Amino acid sequence: MSRHIISILLENEAGALSRVAGLFSARGYNIEMLTVAPTHDATLSRMTLVTSGTEAIIEQINKQLNKLVDVVTLVDLTEGQHIERELVMIKISTEGLDCDQVHSIVTGHGADVVDESEETCVVELLGNSQKIDALIASMEPLSIKEVVRSGVSGIKRGADFLTI
Amino acid sequence: MELTGAEIITRFLKDEGVEYVFGYPGGAVLHIYDALYRQSDVKHVLTRHEQGAVHAADGYARSNGKPGVVLVTSGPGATNAVTGIATAYMDSIPMVVITGQVPTPLIGNDAFQEVDTVGITRSCVKHNFLVTDINSLVCTLKKAFTIATTGRPGPVVVDVPKDVTGFSTNYSYLESVEIRSYTQRYDPPAEQIKAAVEMVMESERPILYTGGGVILGNASIELTEFARMARIPVTNTSMGLGGYPATDPQFVGMLGMHGNYEANMAMHNTDLLIAVGARFDDRVTGNIEKFCPQARIIHIDVDPSSISKNVQVDLPIVGCVKEVLADMINLLQQSGGVDRERFNRWWSDIEEWRTEDCLSYDNGGGVIHPQYVLQQLYEVTHGDAYVVSDVGQHQMFAAQYYKFDQPRRWINSGGLGTMGFGLPAAMGAQFAHPDATVCTVTGDGSIQMNIQELATCKQFGLPIKVINLNNGYLGMVRQWQEFFYERRYSEVTLQAQDQPNFVKLAESYGHVGMQIVNPDDVRPALEEAMAMKERLVFMDFVTNPEENVYPMVPAGAGLNEMILV
Ligand SMILES: Cc1ncc(C[n+]2csc(CCOP(=O)(O)OP(=O)(O)O)c2C)c(N)n1
C-alpha cells in the first residue's frame, strides 16, 4: 500500500465530480483527499485526488479514471518530481493558555496566527501533508476546536505540463 | 430548418440511420411521441413494459451490431428501464436510451414523475447526459451515438427535459463530433504484437480463450483464421459463443463454472493463455489463486481497464481485436507459420480429456431432459437459429448443447444474468432479422418476468418460438440449494397448481400454445412449431424437475477440480 496523488484535468461539466466520486465508491477504492477547482481555461477543472492502494489497485484507478468520458487527462504526481501543498487552519481555545507556548509552536512550524479573539485564535500553515500533520500533532495538547484542511493540490516540477 | 426539440430528436434518429425505437410513452415525452406520429421514417415499437423495451433494443443490437435505441418517459419510465440498461452495460452493448425529464425549471423540486435519472443510471452507463439547452441537443445526441458505438461499446442515456423538446432551433445533422476527453481508438501496438507472435512460436500448450469482445469487434473471421493457422485450441466464454465455430475440431467448448471438462483442463494445463476480448470474470476463472498456474498470459482487449484487472498478465495488447488478430496473422505468415507438429502432444492431451464426454447425460426415465430438448432444437433448426436465452439452468443447457457456428446467433445476459431478458431480447433479434428463426430458451421462472411482451409479439406479428423448459422450480437456485444447503429448497418451488396454464396463456395472447410431456413428442413438436413460420409458438416442455447442470466447478475450486456427473 502506498500513497498516490493523482492530478486530473476534468471537463468543467455538471456531474463530472460525482462521476469520479461515484467511481471510487462503486469500486471500493479509497479517497483520502479530494480537491477540485476551475483552471485558467474555463472549460476545465483541475482535480487532485489522494488515494492509497497496492500497485495493482493504483493501476486500475488510473485506468478507470481515464475511462470516464469527462476525464481529459491525468497524471500520477507521485511517479515523478512534484510539489504538493496543503493549507490548514486550526482554531484553538486560548482560555487559560500560555501565549508564549502557542507562539513558540506556531513559529517553530513556520505557521501564522491569522485571527485572534479573547478566547480563540486561528493558526494557518501552508505546506506538504507531513508538515501539516506535524503541526496538528504538536497542537494536540492544546484545546483544538476545529481543523480545516484544504486537501492536497499538486503540480509537476520543471518543464513538464499537464495540458490537453 | 427550424424544428422543435422533439422534431430534432426524431429527425436526428432518421439521419443517424435508426430503423426502430423501442419505447413507452408518458407525460414528459408527449412532444416526442407527437413528433414520432407526424413522421414515418423511424418506426416505434410499443412494448408492454419499459424493461421489455430496453431488452428488445439490446437484442436488436446484439443480433446485428447496430446500436439499440430506446425512448421512455421520466420517473417510473426511467426507473423501469434501469435493469435493462445495467444488463446492456455489463455486456458492453451499444445502446442509446432517451429518457424524458420534467421541465428544466422544475428539476430538483420533487416534481411529478421526477427522478434524478442521470444520478440513478451513472454507475450502469458508459456515459450519460442531461440536455438543458436546445442548442446542444444535436451535438449531445451525436456524442451519445459516438460513445455508445466506439471503443468498448455500452449504453448511453440522454435525459431530455420536456421544455427542451418544446423549444425550437435550427437543425442540421452532424456527421461527426469531436470529444476531446474520449479516446475512440488505439492503434495496434506493433512491438507487443510481435512479442505475442514470438510467445506463440515458443509455446507448447497454448490456448485461445475468447469472449464477447470477439463478437462485438466483429473479429470471428480473424480469430478463426489465426487459430487454424497456428493449430491452437479455442475455448469461448458464454458471451463469446459463436465467435469460433462450435463444430470445428479445434473448438474445445465453453469454459468456466459449467464449461466443458476439456476446456477447463486445457486452461489449467496451458503454458500460454491468449485471452481475446474476454475479461477474466469470476464465473470463468473459478478460484483465482488456482487459475492457469503454469501459463504466461497475453491479453488483447480494446479496454485498457479490462487488462490486469482480475489477473495479472504478462503481455497486454490494447487495441481493436480485429486489427490485432489481423496483424498477428500477417506476422505469423511472414515468419513461416507455426510448425504443424509442434502441438501434437498438447492435442493428444486434449483428446484424452475429451474422452470424458463431459456433456453426456442420462436420457432415460420416460421424462423430458432439458439437454435433449436443446439437442433436438439444434438439429431441427439446423444450427441456424438465433437462440436468445433467459437466465438459469436452461441458459447453461442452451450454451452447452446448441452449437453456434456463427457470431451473434447466441444472445444471453452473461454479465448481469437478468431473468426476464429472453423474450423481449428475442423480439429485438426478430426485428433485426425478420425472416430468420428466432427462439427464446427460457424457464418457468424467467418467462414470467416479462411475459407481458407476448402482447407486443402479437401486435407486430413476431413469429418467435418460445422454448419453455418447465421444471417447476427456480432450477438454478434449487441446484445450489441441493448441492450446498442440504436440499433445503427455500422459496424455489413453482407448484404446478399455482402455475398458469401456459398453453391457454399463449392462446389468450393470440398465439399458438403447446404442451409437451412425452420425450417422444419433443422432436415432432419442434418440427411442427418451426413449420409455423408466421406464428409465435409457445412450447411448454414439462421437464425432469431435479435435473442438474453438469459439469460444474464448485465455488472456491480451480478449473481442474470439476464435478462431472
Ligand atoms: C431478475 C433476477 N432475479 C433473480 C435471479 C437469481 N436467479 C438466477 S437463476 C434463477 C432461477 C431461474 O429459474 P427459471 O427461469 O425457471 O430457470 P431454470 O433455472 O429452472 O432453468 C434465479 C432466481 C436472477 N438471475 N435474475
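Since the model is a prediction, treat every value here as computed from it, not as a measurement.
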Chain B contacts, top residue of A:V71, A:I164, A:D70 (heavy-atom pairs, under 4.5 Å): A:D70

Give the member of A:V69, A:V72, A:N62 that has the highest number of heavy-atom pairs under 4.5 Å with chain B. A:V69

Heavy-atom cut-off 4.5 Å, strictly under: side chain, backbone, both or neither for B:I147 against chain A? side chain

Using a 4.5 Å cut-off on heavy atoms from C-beta on, say whether the side chain of A:V75 contacts that of A:I6. no

Pairs of heavy atoms under 4.5 Å with chain B: top-ranked of A:N66, A:I57, A:L44: A:L44

Nearest atoms (heavy-atom pairs only) where B:T87 meets B:S413: CG2-OG, 3.5 Å

Could you check if a side-chain atom of B:T83 sits within less than 4.5 angstrom of a side-chain atom of B:I85, using non-hydrogen atoms only? no

Select one option (side chain, backbone, both, neither) describing which atoms of B:K143 are under 4.5 Å from chain A's heavy atoms. neither

Interface moiety of A:T43 toward chain B, non-hydrogen atoms closer than 4.5 Å: both

Non-hydrogen atoms of chain B under 4.5 Å away: do they reach the side chain of A:E13, the backbone, both or neither? neither

Derivation and outcome, side-chain contact (heavy atoms from CB on, under 4.5 Å), residues A:V113 and A:H103: CA-CA 8 Å; A:V113 174; A:H103 274 111; 4.3 Å; yes

Classify the ring geometry of B:Y209 against B:F291: parallel below 30°, tilted from 30° to 60°, perpendicular beyond 60°. perpendicular

Given heavy-atom pairs under 4.5 angstrom as the criterion, report whether the side chain, backbone, both or neither of B:D303 touches chain A. side chain

Does a salt bridge link B:K142 with B:E178, judged by any charged N lying under 4.0 Å from a carboxylate O? no

